[in-house]
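Note on naming: letters A, B, ... go to the chains in the order of the sequence lines (proteins, then strands), and numbering restarts at 1 for each one. Atoms considered below: every heavy atom in the structure, side chains included; atoms not considered: hydrogens, waters and symmetry mates.
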Amino acid sequence: MAAFDHDAIELKWQKRWDTDGIFHVTEDADRTKFYNVCMYPYPSGDIHMGHVRNYTYGDLLTRYKMMQGYNVLSPFGWDSFGLPAENAAIKTGIHPRVFTETQIERMTEQIKRLGAGYDWSREIASHRPSYYRWDQWLFLKLYERGLAYKRRSPVNWCPTDATVLANEQVVDGTCERCGSIVEKRDLSQWFFKITDYAQRLLDDLEGLDWPERVVVMQRNWIGRSEGAQFAMDVADSDLSFEVYTTRPDTVFGMTFAVLAPEHPIVPALIEGETVQTEAEVYIAAARAASEVERVAEGDKTGVFTGKYAVNPVNGALVPIYIADYVLMGYGTGAIMAVPGQDQRDWDFATKYGIDIIRTVQPPHEFDGQAYLGDGPAINSGFLDGLYMEAAKAAIIEWLESNGLGVGTVNYRLRDWLISRQRYWGCPIPMIECPECGYVAVPESDLPVIHPDIEDYAPRGQSPLATSPEFVNVACPRCGGPARRETDTMDTFVDSSWYFLRYTDPENSDLIFDPAKAAYWMALDQYIGGVEHAVLHLLYARFVTKVLHDMDLVEVEEPFSRLFTQGMIQMSGGKMSKSKGNVVGPDEFIADYGADALRLYHLFIGPPTDGAVWSDKGVEGTARFLDRVWRLATGEVGEPVERAETDADRSVLSAAHKTLDKVTGDIDRFVFNTAVAALMELTNAATAYAREGARRATLDEVLRLLLLMLSPMAPHMAHELWERLRFGSMLATESWPTPDPALLVDETVTMVIQVNGKVRDRIEVLADIGDAEAEERAMASPKVQGWLEGKQLRKVIVRAPNLVNLVVGE
RNA sequence: GCCGGGAUGGCGGAAUGGUAGACGCGACGGACUCAAAAUCCGUUGUCCGAAAGGACGUGUGGGUUCGAGUCCCACUCCCGGUACCA
């Protein structure tokens, strides 16, 4: 049994924080702001331990920064559009809005029970018209600026769910939810032109205080490469095609060229050739194949077109193949193939008996595969003898001065496909008129509201299309009959700017007041799961840059400092609903209290690492809190009034050293060692109290302990703070500063080593000199036994911590 | 394949190049109790030894250093990301 009634105490303080409004903030030019956000959750209905970990870290920081005097904004909201609500609607007939609001209500209750501090007056939910009208406004602004466009494109299609899937919902080529092999379909889709921002998105990664791996992931995702692009003419024809290469220095080694099966000139190229039928079969198979199948083949396949292309540098004729190892989606969808310097081309050439010409001299014996390293160019005409970089520069200059090609930069980043054929998302505010084409919904007509419909089942088009009242409208331009766009937006659009809406959540005239955004932005700390490393964090950076270019946001980067936490796993592996091993916080809060649960999340291990959940661990932190309670309530031993002794000074010094460590640990975002330090201090103080504490000393130790505990286990810390009459509201106290005089010890343990092995430890004065340290070391009887009959060759002194005596025969 | 991060007791994990294993969990022994729970005290890396003490010990093999879990080189395995990206 807990020694205190955690349930009553926790509810008491949660109510106090709420009625006192201590987390409610406004702009205050006189105070330094700190904007602290945990990624807003999808309202799935129940919070799990991953959420708890997230909000525990966030709240620790909110409270810590508040105590340090910052004006801390810590808001909360809901990423409340999305497929689960729609699936539930299909199954149960309950409207997704009703379903979602119910889930939000339930989760809000759970989150409040954790005691995390938020400014709830700023709560937002992306499914509410007051929010998503600004999604639509944002879409219109992107459209005005040429950053939103519609294009026919192959997309991921799940045959079982009868819907398109986002790339992130395709896991190893299968549908994340039902496991079906994902097909490709050509559909007309809306895109955001994120590729226009590729270079800025890459460059601005530099100044961010982000985990290195996230920066690397984004850099790879953007995938900048430098190379050359040039045209190749098809011999005996007026056709030609562009190729992109990062190795223009190897162009003399080109022995064939390859077109992607989807390349637009392919039909004209094979027209009337003897291989036409064979080629068409191959192309049809490639188009139909899923990504997995196409890659899983392993072996490279292709078809010779019967045509030849001209190598522009030497006029050589090279055979043109169609092969699915060349992708239409990257570069120009066509390549010059140089088997001597590219392993894929090598594999293809050896299979089909194509010539191989080496154009880089390997430094040593090298055979049986392509050579990718550096070396002097060979068999390369005027490039011979040049190393890779020089050869690249020379050939690009040659291509440019002869008007045959250009040096160019290519990105792997694709435009962001934002249309979804779903009901429960933000309607795209566009109207298709047979006369005028696509026409934007006038801003004054926003928001475009969802119609209530009967049947949410996906049938290959958005369920919105089944509502004639929604679909049929007058064209805003010519007034004639027109159709509304029925696709909705990717929910990543909603989440790409919600942190800006928090700065001015009630505004009904503007997406947000630029002055308010200017005060709060950028986020000083953003906390979330690493699964968003690329998608959300890249989209949000993009949208922030667009809004910056519209003069609405001063900063170019939304998230100054990012923390990505490791995942909580159960012993059976990753937590998931389907495995039935999801553990929620409720039962632990009921048994041990929110403070013990929070403390265990802090203590479980380094925040960046994943962790395996252990029920026993919560018992451990609960026991620790019990010990704090007994210490503070005098159960261990009542203190007395008396003069100060060495024992008193020693425990006070321990408290200040703990403060120094805890402060440093929190600043470094390492919480497990901070909790361990508080446990040590509590153990020391308990032993001290048991032997008869001096009242003034114990009070000071307790005062510091509770201040440090306040951001971690706020309920108990507040209760004890009040009971000990230290003050009425701990959360608004100042974070203490350690007394430097109490951080240094008078004496320290000096280690004496012989040949690097510890042979003795002695107490010495902290300010001992090198000479005296050596003298004391030599005087140690234990050490002398090890020196007997040996020659002292060297003495290393690191006073006052260590003396190492190096001896030999 | 490439990129990033790891490997320390029975377990989670601590250790600015200077006492390896803090703190916690578990386990064992004891106190309290009619008994149990809770709490408190003690022990807890391995091996040798009655003890004092000693030897060994941070994935593997080398190296640098008076001294290496920490730095360097080579490797093994694990986790995460990504992949015919020309």
Nucleotide forming a Watson-Crick or wobble pair with U82(B), both distances under 3.5 Å: G1(B)
G57(B) and G69(B): how far apart are their C1' atoms, nearest whole angstrom? 11 Å
With rounding to whole Å, what would you report as the distance between U43(B) and C23(B) at their P atoms? 12 Å
When rounded to the nearest Å, what value does the distance between P atoms of C11(B) and U16(B) take? 23 Å
Toward the 5' end of RNA chain B, by each residue's nearest nucleotide, G610(A) or Q753(A): G610(A)
OP1, OP2 of A14(B) versus side-chain N and O of N672(A): anything below 4.0 Å? yes
Is the centre of the Y592(A) ring less than 6.0 Å from the centre of the Y600(A) ring? no
Of the nucleotides C40(B), G54(B), A86(B), which has the atom closest to the L327(A) side chain? A86(B)
Nucleotide A15(B), atom P - distance to CG of L802(A) in whole Å: 20 Å
Where each residue is assigned the nucleotide of RNA chain B containing its nearest heavy atom, which of R213(A) and M679(A) is assigned the position nearer the 5′ end? R213(A)
Rounded to the nearest Å, what distance is computed from the CG atom of residue D626(A) to the P atom of nucleotide G24(B)? 14 Å
G10(B) and U46(B), which share atom name P, separated by this distance in whole Å: 7 Å
Could you tell me the separation between the CZ atom of R224(A) and the C1' atom of A86(B), rounded to a whole number of Å? 17 Å
L805(A) atom CG is separated from G18(B) atom P, nearest whole Å, by 19 Å
Indicate, with a heavy-atom threshold strictly under 4.0 Å, whether N410(A) touches base, sugar-phosphate, or nothing. nothing
Side chain of F603(A), heavy atoms from C-beta onward: which of A86(B), C23(B), A20(B) has the nearest atom to it? C23(B)
For the residue pair F304(A) and Y321(A), categorise the inter-ring angle as parallel (less than 30°), tilted (30 to 60°) or perpendicular (more than 60°). tilted
Just to confirm, is there a sub-4.0 Å distance from OP1 or OP2 of C66(B) to any side-chain nitrogen or oxygen of K794(A)? yes
Go through U39(B), A86(B), G54(B) for me and flag the one nearest to the T246(A) side chain. A86(B)
Rounded P spacing from A31(B) to A35(B) in Å: 11 Å
Base paired to U65(B) (Watson-Crick or G-U; both N/O distances under 3.5 angstrom): none
G53(B) pairs with which nucleotide, Watson-Crick or G-U wobble, both distances below 3.5 Å? C48(B)
Is G9(B) syn or anti, taking syn as a glycosidic angle within 90° of 0? syn
Please tell me if K782(A) has a side-chain N or O lying less than 4.0 Å from either OP1 or OP2 of G54(B). no
Compare the minimum distances between each of C85(B), C66(B), C23(B) and the side chain of A676(A), then state the nucleotide with the smallest one. C23(B)
Provide the Watson-Crick or G-U wobble partner of A14(B), both distances under 3.5 Å; none if there is no partner. none
Could you tell me how far G24(B) sits from U39(B) if I compare only their P atoms? Round to whole Å. 13 Å
The nucleotide from G26(B), C84(B), G18(B) with an atom nearest the side chain of R798(A) is G18(B)
Between Y371(A) and W346(A), is the gap from one ring center to the other below 6.0 Å? no
Distance check, C1' atoms only: A38(B) and U44(B), in whole angstrom units. 23 Å
Look at the aromatic rings of H263(A) and F241(A) and report parallel, tilted or perpendicular, splitting at 30° and 60°. perpendicular
Looking at K351(A) and D347(A), is there a salt bridge between them, counting it only when a charged N and a carboxylate O are closer than 4.0 Å? no
Phosphate-side-chain proximity, R690(A) and C41(B), N/O vs OP1/OP2 below 4.0 Å: yes
Give the rounded distance in Å between these two atoms: CZ of R668(A) and C1' of U16(B). 10 Å
Is any side-chain nitrogen or oxygen of R759(A) closer than 4.0 Å to OP1 or OP2 of U19(B)? no
Length of the CZ-P vector between F230(A) and A86(B), whole Å: 15 Å
Check every strand shown and say whether G223(A) touches a base, only sugar-phosphate, or nothing at a heavy-atom separation below 4.0 Å. nothing
Examine G26(B): is either OP1 or OP2 under 4.0 Å from a nitrogen or oxygen in the side chain of R623(A)? Give yes or no. yes
Is there a side-chain contact between R627(A) and the phosphate of G24(B), meaning an N or O under 4.0 Å from OP1 or OP2? yes
Looking only at side-chain N and O atoms, does Y330(A) come under 4.0 Å of OP1 or OP2 in A86(B)? yes
With a 6.0 Å cut-off on ring centres, are H6(A) and W629(A) close enough? no
Parallel, tilted or perpendicular: rings of Y244(A) and Y330(A) (30°, 60°): perpendicular
Identify whether the distance between the nearest side-chain nitrogen and carboxylate oxygen of R668(A) and D665(A) falls below 4.0 Å. yes
Describe, in one word, how the ring planes of W416(A) and Y539(A) are oriented to each other, choosing from parallel (under 30°), tilted (30 to 60°) and perpendicular (over 60°). parallel
What nucleotide, of C23(B), C66(B), A20(B), holds the atom closest to the side chain of I796(A)? C66(B)
Any strand is fair game: report the nucleotide pairing with G29(B) by Watson-Crick or G-U wobble, both distances under 3.5 Å, or none. C41(B)
With the side chain of N804(A) defined as its heavy atoms from C-beta on, choose the nearest nucleotide among G18(B), A15(B), G13(B). G18(B)
Can you tell me which nucleotide in G67(B), C85(B), G12(B) comes closest to the side chain of I604(A)? G12(B)
For U60(B), which nucleotide is its Watson-Crick or G-U wobble mate, given both distances must be under 3.5 Å? A74(B)
Nearest-Å distance, CZ (R412(A)) to C1' (C3(B))? 12 Å
Given the P atoms of G61(B) and G12(B), what is the spacing between them in whole Å? 23 Å
Could you tell me whether E212(A) contacts a base, only the sugar-phosphate backbone, or nothing, with contacts defined as non-hydrogen atoms closer than 4.0 Å? nothing
Just compare A15(B), U19(B), G81(B) and give me whichever is closest to any side-chain atom of M217(A). G81(B)
For atom CD of E635(A) and atom P of C40(B), their distance in whole Å: 11 Å
Is the ring centre of Y411(A) less than 6.0 Å from the ring centre of W221(A)? no
Choose from C84(B), A14(B), G18(B) the nucleotide whose nearest atom is closest to any side-chain atom of P606(A). A14(B)
Identity of whatever pairs with A35(B) - Watson-Crick or G-U, under 3.5 angstrom: none
